[in-house]
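Both backbone and side-chain heavy atoms feed into the values below; hydrogens, waters and symmetry mates do not. Numbered from 1 within each chain, the chains take letters A, B, ... in sequence-line order. Here the structure is a predicted model, which means the values were calculated and not measured.
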Amino acid sequence: MSSIGTGYDLSASTFSPDGRVFQVEYAMKAVENSSTAIGIRCKDGIVFGVEKLVLSKLYEQGSNKRIFNIDRHVGMAVAGLLADARSLAEVAREEAANFRSNYGHDIPLKHLSDRVAMYVHAYTLYSAVRPFGCSFILGSYDEDDGPQLYMVDPSGISYGYWGCAIGKAKQAAKTEIEKLQMKDMTCRELVKEVAKIIYIVHDEVKDKSFELELSWVGEVTKGRHEVVPKDIREEAEKYAKDALEEEDDSDEDNM
Amino acid sequence: MDRYFDQSIKGVSTGTTILAVKFNGGVIIGSDSRASMGGSYVSSKTINKLIQVHDRIFCCIAGSLADAQAVTKMAKFQLSFHSIQMESPPLVKAAASVMKELCYSNKDELQAGFITAGWDRKKGPQVYTVSLGGMLLSQPFTIGGSGSTYIYGYVDSKYKPDMSREECLQFATNAIALAMGRDNVSGGVVHLVVITEDGAEHVVIPGDKLPKFHDE
């Protein structure tokens, strides 16, 4: 686990003797405490899935969304402190809108991800502010450049991915994602797999109920980032639940 | 007297003829080469009004030369930075949008209009007009400058979409030559740039090689 950085961890403007900025590492811990979000790129689009934990029966269904629309063609799934994530979503929206206003076309995802990552990084330089306590996954689809997926973490680095996971079950989710042949799948096939992965990594013991948020952008949505339609989501959830039961059954047989 | 006074404040202007035409696989952008002060003094016989703002994107300028040079310099800088950040050549639409933003935000001070044309990987050859006040319009071909008024009939009747490179060169040369023949503030040589996926080729047609029409 992480060591305690006594004395060197009070501000983001201090390095430790072994070259670490502890405040940034602590920010990443905040992300690891949040529930899981995954994004996967397939041959004709991107699918996002978020395990949204429901802490109270009184919550309205569909509130506190963790997947945001940044521009018509860009979606963002977040993990970590939700308030930090919302403010970064606003930053990303402004970047995308300014780009469109200046250059007349959709912002390329790599550029957007670089710009927001630079913004996140700026908050890791000064003692007067704290780093953002959230990671997020950006995805888009463009006719010419195809589907793109980028992840930004609190240190301000952005990486391009075929599939990535953030949040408490990210290791388990990554293992499941690696089993997929995503380059050969279409969005419709992938939606079901994403739902299945979220159901698999959800911890029934520690966390009680959860809501599955699913969204996609790709050829199937003509390049617009949208929430997955209700009927397809229900089909995906059914597939996920059935797959889980099968695994449970097969475990029993082995015993 | 008043007219002379006004012009000397405005300085050198390009009474001019400029055009850009899309053909099959590229665009041809062209202009005359006369810069004038007032209606009677030719301050340069051979200026190049075709400014390269990026590898495969050119602008032709009309109006106040000083304003046009300032705007194109700024656009060239912005586009160069933009293309390094994007790690790819800028779209022609992006270049035209940059020009448009400069013209619109500074419309009270500036007096210059542009034609932006070029080739990009996404949409191929494109032609955009950026007018004085900052309007941006995409067209298959466009003409501008004071000399353009004399050739609207010619270009409207002779333009066809998807011309070959040779047909388009002839079309552009004829149009500019006709305009230069009638407009006193357009003249000199014809500058043409042919922009395709392979690059930009500059062609200069000196006065004695221009096409001759019935009156000569």
Side-chain angles (χ1 to χ4, degrees), chain A residues 41 44-45 70-74 88 91-122 138-152 156-162 217-219 222-225, chain B residues 20 53-57 59 71-72 74-107 114-131 133-139 142 197:
Chain A
R41 174 181 160 187
D44 65 351
I70 301 303
D71 196 350
R72 297 192 293 226
H73 64 302
V74 178
L88 281 173
V91 167
R93 283 172 179 155
E94 278 171 19
E95 273 301 324
N98 278 336
F99 185 94
R100 187 191 290 284
S101 166
N102 284 330
Y103 299 107
H105 65 93
D106 294 351
I107 188 168
L109 192 67
K110 180 165 197 304
H111 185 69
L112 175 62
S113 142
D114 284 345
R115 296 285 297 181
V116 186
M118 254 200 287
Y119 187 90
V120 169
H121 169 251
L138 290 163
S140 84
Y141 177 79
D142 174 67
E143 256 181 355
D144 300 303
D145 303 322
Q148 312 250 331
L149 192 68
Y150 283 86
M151 194 264 276
V152 178
I157 321 187
S158 85
Y159 306 86
Y161 283 95
W162 274 95
V217 57
E219 218 181 299
K222 296 195 184 48
R224 296 185 103 94
H225 176 249
Chain B
V53 291
H54 205 264
D55 294 353
R56 284 174 184 64
I57 308 178
C59 282
V71 172
T72 50
M74 177 64 100
K76 196 169 174 173
F77 160 73
Q78 281 188 11
L79 281 174
S80 135
F81 190 67
H82 173 69
S83 83
I84 298 280
Q85 273 188 323
M86 297 291 125
E87 292 173 10
S88 80
L91 299 184
V92 185
K93 184 158 195 203
S97 294
V98 165
M99 306 284 296
K100 177 260 296 172
E101 277 298 309
L102 289 166
C103 287
Y104 184 74
S105 320
N106 298 295
K107 60 155 66 179
F114 304 88
I115 296 178
T116 306
W119 183 94
D120 66 48
R121 187 185 59 97
K122 197 161 175 161
K123 275 168 124 182
Q126 293 146 75
V127 170
Y128 293 89
T129 312
V130 179
S131 74
M135 174 190 77
L136 173 60
L137 204 52
S138 168
Q139 297 173 297
T142 189
E197 182 175 357

So how far is it from B:M86 CE to A:D114 CG, rounded to the nearest 0.5 Å?
->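 Rounded to the nearest 0.5 Å, the CE-CG separation comes to 8.5 Å.
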
State the CD-OH distance between B:Q78 and A:Y103, to the nearest 0.5 angstrom.
->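 Rounded to the nearest 0.5 Å, the CD-OH separation comes to 6.0 Å.
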
Do B:E87 and A:K110 come within less than 4.5 Å of each other through their side chains, counting heavy atoms only?
->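 Of all side-chain heavy-atom pairs linking A:K110 with B:E87, at least one is under 4.5 Å.
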
Can you see which heavy atom on A:S101 is nearest to which on B:E101, and at what distance?
->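 What the structure gives for the nearest pair is O-OE2, 3.5 Å.
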
So which heavy atom on A:G104 is nearest to which on B:K93, and how close?
->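 Residues A:G104 and B:K93, closest heavy atoms: O-NZ, 3.3 Å.
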
Should we say atom OH of A:Y161 is surrounded by more than 12 heavy atoms from elsewhere, each under 6.0 Å from it?
->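 Enclosed.
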
Is it the case that more than 12 heavy atoms not belonging to A:R93 sit under 6.0 Å from its CZ atom?
->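 Yes, the 6.0 Å shell around CZ holds more than 12 heavy atoms from other groups.
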
Selection from B:H82, B:R121, B:K100 maximising heavy-atom pairs under 4.5 Å formed with chain A =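 That would be B:H82.
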
